[in-house]
Amino acid sequence: LVRSIYWSEREKKEDEFKTAEEQISCLVQDAFVDASSRTEEVLSEVVPGLKVRFKAGPFTTDDAHKAITLFLDDGMESPHSDKGAGLQSLLVIALFRLYCERFHESSTALLLEEPENYLHPHGRRALVAALRRFVEQNETRRQVIVTTHSETLVRVANVAGLKLVRKGPNSSTFFELPSDHEHSDRWQQILRKNPEVVFAEHVILVEGGEEHLVPVIASRLHNNEEGVLDRFNVSVVRVDGKMDFKKHVTMLEKLQIGWTVLTDRDFLKQGIEQFADRLPQEAPKSEAERISQLETIGVYVNPNGNLEDLYTQKGKELVESVGKDRAALKIAQALQEGAELDEWFADLEPIRKAVYHALGQVGRGMEEGEE
């Protein structure tokens, strides 16, 4: 790209280029007079009469453009090689776009491996915008393929363009979401809101404040190991109401990601129909039997009612004071700082069962009572 620009412009001003080159050469030669003389003196012992001159730049027919260095000014001007890796990545993409405009008349594919590295969140979004502009200039001839571990890039991906790759012992397997599925529009929204799910091996789906509490409770249940769910690639994701569970579940199953549902008691009246095809057709003898049936497919119902009904009186008073979500956040923070579970929870069984199930599905089974 630099060579093409340089020589196309040089042809228009050949005389000016030669004059400038001669001037800079004279200045450099004057600066290196002593060095030139000393070098000639040393070489004369082997090659008598050899002249040595230091000149600026190659100034040869093929290599003159190599004397050009690209500078960037992000508050301090310096060569591009002195800038951070993130800025250099953006620069390469910008230059490639210009390169395609000058040279590519046919199709172009740009392949990028984790381009988000070393970029802060705003830089990542700017990168995405730049890639979109690159494709939109000629959608029929341009394609961008990105490998990423960035939620930012997943968040802007189209359902039809998302490919999940898993490494196996001998090969890799690709999973994708069909763009014509009845839930594809909702899947797109899930990717926008919870892009983390595509990186998980298992997902615990919850309705409300459990998203704050389940991770820290899981750590307490697992020998106080902080971040145990993260270690086993288990995510906790909040859905938009109990009627939204099935849409998440179908997406996760298409990507072969495991799932566990933790829900309130009113799910038995509204929401259970989403999983009717997975349950026995005959009517259960009792509510407890139906709850047991749901547990066999990975759905755990809180028989007490909702999350707040699991709290101690102290927890319930906190809910009345600050509201459900803030109370869950404050309790989670208190547990992280060392508070005892029974200080805030009168009953943990529904959450305990869901955590046991999720960790069991990723190969870390837990015995009842293990803490």
Side-chain angles (χ1 to χ4, degrees), residues 158-160 162-164 166 173-208 210-211 214 229 232-307 309 349-363 365:
N158 293 320
V159 166
L162 181 70
K163 303 291 185 291
L164 181 61
R166 285 201 185 89
T173 306
F174 286 76
F175 301 92
E176 60 186 351
L177 297 170
S179 59
D180 57 351
H181 193 277
E182 61 175 318
H183 297 324
S184 58
D185 288 344
R186 181 66 185 113
W187 292 344
Q188 190 73 68
Q189 295 170 355
I190 293 171
L191 291 179
R192 296 284 190 273
K193 184 179 179 181
N194 294 307
E196 176 185 325
V197 298
V198 302
F199 300 108
E201 289 187 35
H202 196 92
V203 176
I204 302 176
L205 300 169
V206 300
E207 288 189 60
E210 293 91 344
E211 70 171 322
V214 169
L229 294 185
F232 291 101
N233 297 326
V234 178
S235 295
V236 181
V237 170
R238 184 174 185 166
V239 303
D240 292 334
K242 59 182 58 63
M243 297 305 296
D244 201 36
F245 283 124
K246 186 63 176 291
K247 298 178 179 67
H248 282 73
V249 165
T250 53
M251 186 185 85
L252 294 171
E253 290 181 338
K254 292 290 184 184
L255 299 175
Q256 291 198 13
I257 297 171
W259 57 270
T260 299
V261 169
L262 176 60
T263 185
D264 297 335
R265 183 177 178 180
D266 58 1
F267 177 83
L268 297 174
K269 296 180 179 179
Q270 184 182 23
I272 192 172
E273 62 271 21
Q274 299 171 80
F275 298 93
D277 59 336
R278 306 182 187 215
L279 296 170
Q281 294 304 306
E282 63 273 12
K285 296 178 181 180
S286 65
E287 184 178 276
E289 182 180 354
R290 179 58 90 192
I291 291 176
S292 295
Q293 291 173 348
L294 286 165
E295 289 179 357
T296 64
I297 64 171
V299 178
Y300 292 83
V301 177
N302 174 8
N304 299 274
N306 54 35
L307 174 62
D309 294 313
E349 196 60 18
I351 297 176
R352 189 195 308 268
K353 285 184 176 181
V355 169
Y356 285 161
H357 177 263
L359 288 175
Q361 294 299 304
V362 294

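Everything numeric in this text was worked out from a predicted model, so none of it was measured.
- Using modelled atom types, no side-chain atom of Lys242 and backbone atom of Val239 make a donor-acceptor pair closer than 3.5 Å.
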* To do: Kindly determine whether His202 and Leu229 satisfy side-chain contact (heavy atoms from CB on, under 4.5 Å), including the steps that lead there.
  => CA-CA 9 Å; His202 196 92; Leu229 294 185; over 6 Å; no
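- Put simply, the side chain of Asn302 does not reach to within 4.5 Å of the side chain of Leu307, judged on heavy atoms.
- Ring geometry, His181 versus His183: the interplanar angle falls from 30° to 60°, so the pair is classed tilted.
- With a 4.5 Å cut-off on side-chain heavy atoms, Leu262 and Val214 count as touching.
- Note that CG of Asp266 and CD of Glu207 are 6.0 Å apart. Values are rounded to the nearest 0.5 Å.
- Side-chain contact between Arg265 and Asn304 is absent, with no heavy-atom pair separated by less than 4.5 Å.
- Listed by first and then second residue, the salt bridge (charged side-chain N to carboxylate O under 4.0 Å, His left out) pairs involving residues 298-307 amount to none (not counting sequence neighbours).
- The environment of NZ in Lys246 is crowded: more than 12 heavy-atom neighbours from other residues, nucleotides or ligands sit within 6.0 Å.
- Note on residues 268-281: pairs passing side-chain hydrogen bond (donor to acceptor under 3.5 Å, both in side chains), not counting sequence neighbours, are Glu253-Arg278.
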* Can you list the steps and then say if Val261 with Ile297 is a side-chain contact (heavy atoms from CB on, under 4.5 Å)? -> CA-CA 9 Å; Val261 169; Ile297 64 171; over 6 Å; no
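- From Asn194, atom CG reaches atom CD of Glu211 across 8.0 Å, with rounding to the nearest 0.5 Å.
- To the nearest 0.5 angstrom, Tyr300 atom OH is 6.5 Å from Thr260 atom OG1.
- Annotation: side chain of Leu294 is in contact with side chain of Phe267 (closest heavy-atom distance under 4.5 Å).
- You'll find the side chain of Leu359 reaches within 4.5 Å of the side chain of Val355, heavy atoms only.
- Taking CD of Glu176 as the start and CG of Leu164 as the end, the distance is 10.5 Å to the nearest 0.5 Å.
- Nearest heavy-atom pair, Pro280 versus Arg290, reported as atom, atom and distance to 0.1 Å: O-NH1, 4.0 Å.
- Annotation: side chain of Thr263 is in contact with side chain of Phe245 (closest heavy-atom distance under 4.5 Å).
- A salt bridge links Arg352 with Glu349: the distance from a Lys NZ or Arg NE/NH1/NH2 to an Asp or Glu carboxylate oxygen falls below 4.0 Å.
- At a threshold of 4.5 Å between non-hydrogen side-chain atoms, the residues Glu210 and Leu205 do not count as touching.
- Looking at every heavy atom in both residues, Lys285 comes nearest to Glu289 through N-OE1, 2.7 Å.
- In terms of heavy atoms, Met243 sits closest to Gly271 at SD-CA, 3.6 Å.
- Not less than 6.0 angstrom separates the ring centroid of Trp259 from the ring centroid of His248.
- The closest donor-acceptor contact from the side chain of Asp309 to the backbone of Asn306 lies under 3.5 Å.
- For the atom pair CG (Leu177) and CG (Asn158), the distance works out to 11.5 Å, reported to the nearest 0.5 Å.
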* Asked: Does the side-chain contact (heavy atoms from CB on, under 4.5 Å) test come out yes or no for Glu196 and Val203, once each step is laid out?
  -> CA-CA 10 Å; Glu196 176 185 325; Val203 176; over 6 Å; no
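- Taking a cutoff of 4.0 Å between a charged side-chain nitrogen and a carboxylate oxygen, Lys353 and Glu295 qualify as a salt bridge.
- Closest non-hydrogen pair, Pro178 versus Val159, comes out as O-CG1, 4.2 Å.
- The nearest pair of heavy atoms linking Val362 to Phe232 is CG2-CB, 3.8 Å.
- Interatomic distance, Ser184 OG to Gln189 CD, rounded to the nearest 0.5 Å: 10.0 Å.
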* Asked: After noting the C-alpha distance and the side-chain angles of Val237 and Ile190, does the key distance pass the side-chain contact (heavy atoms from CB on, under 4.5 Å) rule?
  -> CA-CA 10 Å; Val237 170; Ile190 293 171; 6.0 Å; no
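- Between Asp240 and Lys193 a salt bridge is recorded (basic side-chain N to carboxylate O distance below 4.0 Å).
- Side-chain contact between Ile257 and Phe175 is absent, with no heavy atoms from C-beta onward closer than 4.5 Å.
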